[in-house]
2 protein chains.
Amino acid sequence: MKISELSRRTGVPVASIKYFRREGLLPAGRATAATLAEYGEEHVQRLRLIKALTTLGGLSIAATRDVLTAVDQAETTDGTLRAISYALPVPVTAASAGDPDRDAQAEAAARADVADLIARMDWEVADSSPHVQALTTALRELRRLHADYRPEGLVAYAELAHAIAGLDLERAAALGDSPALAEQAVIVLALSGPVIELLRRLAQEDQVRRRSLG
Amino acid sequence: MKISELSRRTGVPVASIKYFRREGLLPAGRATAATLAEYGEEHVQRLRLIKALTTLGGLSIAATRDVLTAVDQAETTDGTLRAISYALPVPVTAASAGDPDRDAQAEAAARADVADLIARMDWEVADSSPHVQALTTALRELRRLHADYRPEGLVAYAELAHAIAGLDLERAAALGDSPALAEQAVIVLALSGPVIELLRRLAQEDQVRRRSLG
DNA sequence: CTTAAGAAGATAGTGCCACTATCCAGTACT
DNA sequence: AGTACTGGATAGTGGCACTATCTTCTTAAG
């Protein structure tokens with residue numbers, strides 16, 4: 001298959017395919033001559049995965065490359081899952097600073113909240129986990145907005161999150177040891193987020209319609 | 001308070017404050033002279049909200065403006081919640097087209113899945129809801145990747161999403177009829193997503209560590 | 001064999017977004 | 001009077017995700 005057919009099959013413009021190659025998201029085709037290369041089904045599949053991660057998962061090109069690199073270096077299943085888990089971008093970035101005193105206070109309180117939550121949930125996570133850091137940031141900002149969660153409230157959310165993660169891992173486990181396991185695992189881990197978010201929004205829409213807050 | 005103090009209090013550069021004003025995210029200060037205006041606590045609060053929506057919620061400037069407009073036009077609580085629910089951006093955009101035949105098939109199947117889900121959950125949502133459209137897109141793409149959810153699987157996720165939305169609305173309801181209700185409601189509706197996503201990622205990290213998929 | 005239609009790779013350009021910097025006339029303290 | 005600062009207008013910047021162009025080469029058609 002030549003690049004033009006690969007483009008037709010996937011709906012991705014030729015120029016974009018070249019771009020993805022340059023950025024290391026897509027392996028090169030098998031060169032048959034100085035200006036000719038042959039592409040296969042694996043390239044079609046990879047392009048679909050790239051589009052899914054970027055358009056559905058909302059990943060940047062750089063993040064997509066990191067994730068795909070983790071997929072490609074898959075050796076043990078566990079290692080792959082862990083690598084993917086860390087390669088996925090964290091959806092919260094640092095916010096601006098304000099009054100140093102208040103900030104420090106809010107930061108400390110948020111740290112304590114997170115530590116307390118992890119203890120209550122009996123979660124086993126790295127201290128250096130980017131997710132811990134990001135959650136601390138998020139809780140700190142909510143605190144500055146006077147919209148902080150009370151500990152029990154946070155635990156209620158965490159339990160639901162835990163259940164979702166359980167469904168995710170179950171889905172990943174159900175894949176067994178197929179050769180494309182790593183690829184399917186990344187789909188489950190990376191695209192479960194957007195799907196659950198949409199379901200939540202839909203449920204929110206339903207409940208807003210039904211419920212009155214007066 | 002002059003603009004420089006507003007900047008110092010919030011950590012937002014003066015140029016950015018002017019930018020937000022231009023974009024209609026922040027009301028103008030009370031002009032005391034041709035080249036002088038007075039800002040108040042409400043501006044500090046509004047800037048914090050803007051930063052929270054953009055950095056935590058991941059909203060674009062345009063989406064933030066839409067949401068804040070909905071907040072400002074709050075008359076009835078219910079109407080406000082509904083307006084916010086629709087003003088929040090949908091996290092999934094359309095993906096590329098490929099083989100027209102397969103696409104049409106996948107699209108039809110995804111539509112059926114969504115309709116089935118809504119019926120099973122007994123959700124009351126608008127047919128034209130952007131969330132329905134986005135979920136259809138997401139399920140279609142997953143189908144094209146051969147990673148589609150079986151109906152029961154989707155229902156399991158939906159039930160958890162429903163529970164999360166329930167917690168959200170409870171939180172919003174607990175705010176009562178405070179004058180800043182609309183502002184607090186937008187925080188709950190818009191920032192619950194990132195928080196639950198982080199909790200899910202944290203739970204995922206925990207379970208990946210504990211569980212082997214072998 | 002000639003020729004036109006791609007193909008590969010390198011490089012430069014585009015459009016959008018979220019700021020950020022500069023400039024200007026006007027104001028306020030000292 | 002001088003300096004620092006202000007609001008408002010306008011232009012510029014840097015990053016990102018492509019997209020277009022150019023050059024050299026290959027291959028299938030006539």
_Side-chain N,O (B:S4) to OP1/OP2 (D:dT6) below 4.0 Å_ = yes

*Respond yes when some side-chain nitrogen or oxygen of B:S16 is under 4.0 Å from OP1 or OP2 of C:dT20, and no when none is.*
yes

_Sidechain N-carboxylate O distance under 4.0 Å for A:R140, A:E107_ = yes

*NA contact type, B:A34, heavy-atom cut-off 4.0 Å: base, sugar-phosphate, or nothing?*
sugar-phosphate

*In Å and rounded to the nearest 0.5 Å, what is the CG to CD distance from A:L189 to B:Q204?*
4.5 Å

Of the options [options], whose atoms approach the side-chain atoms of [X] most closely?
| X | options | result |
| --- | --- | --- |
| B:P13 | C:dT20, C:dG26, D:dC25 | C:dT20 |
| B:I61 | C:dG26, C:dA18, D:dC18 | C:dA18 |
| B:Y19 | D:dT6, C:dT20, C:dA8 | C:dT20 |

*So with a 6.0 Å cut-off around CD of B:Q105, is the heavy-atom count from everything else above 12?*
no

Send over the distance from [X] [atom1] to [N] [atom2], rounded to a whole Å.
| X | N | atom1 | atom2 | answer |
| --- | --- | --- | --- | --- |
| B:Y39 | D:dC5 | OH | P | 17 Å |
| B:E38 | C:dA28 | CD | P | 12 Å |
| A:E5 | C:dA8 | CD | C1' | 17 Å |
| A:L59 | D:dC16 | CG | P | 14 Å |
| B:E23 | C:dT20 | CD | P | 14 Å |
| B:K2 | D:dG7 | NZ | P | 9 Å |
| B:R22 | D:dA11 | CZ | C1' | 10 Å |
| B:I3 | D:dA9 | CD1 | P | 13 Å |

*What is the minimum heavy-atom distance between B:A182 and B:I84, and which atoms define it?*
O-CD1, 4.1 Å

*For B:T55 and A:E141, does a side-chain donor sit closer than 3.5 Å to a side-chain acceptor?*
no

_Using a distance-only criterion (donor-acceptor N/O pair, under 3.5 Å, no hydrogens), is the base of D:dT6 paired with the side chain of B:R21?_
no

_Between B:S60 and B:L36, which residue's closest nucleotide on DNA chain C lies nearer the 5′ terminus?_
B:S60

*Between A:A37 and B:T54, which has a closest nucleotide on DNA chain C that is more 5'?*
A:A37

_Nearest-nucleotide comparison on DNA chain D, the residue closer to the 5′ end among A:K18 and A:A33_ = A:K18

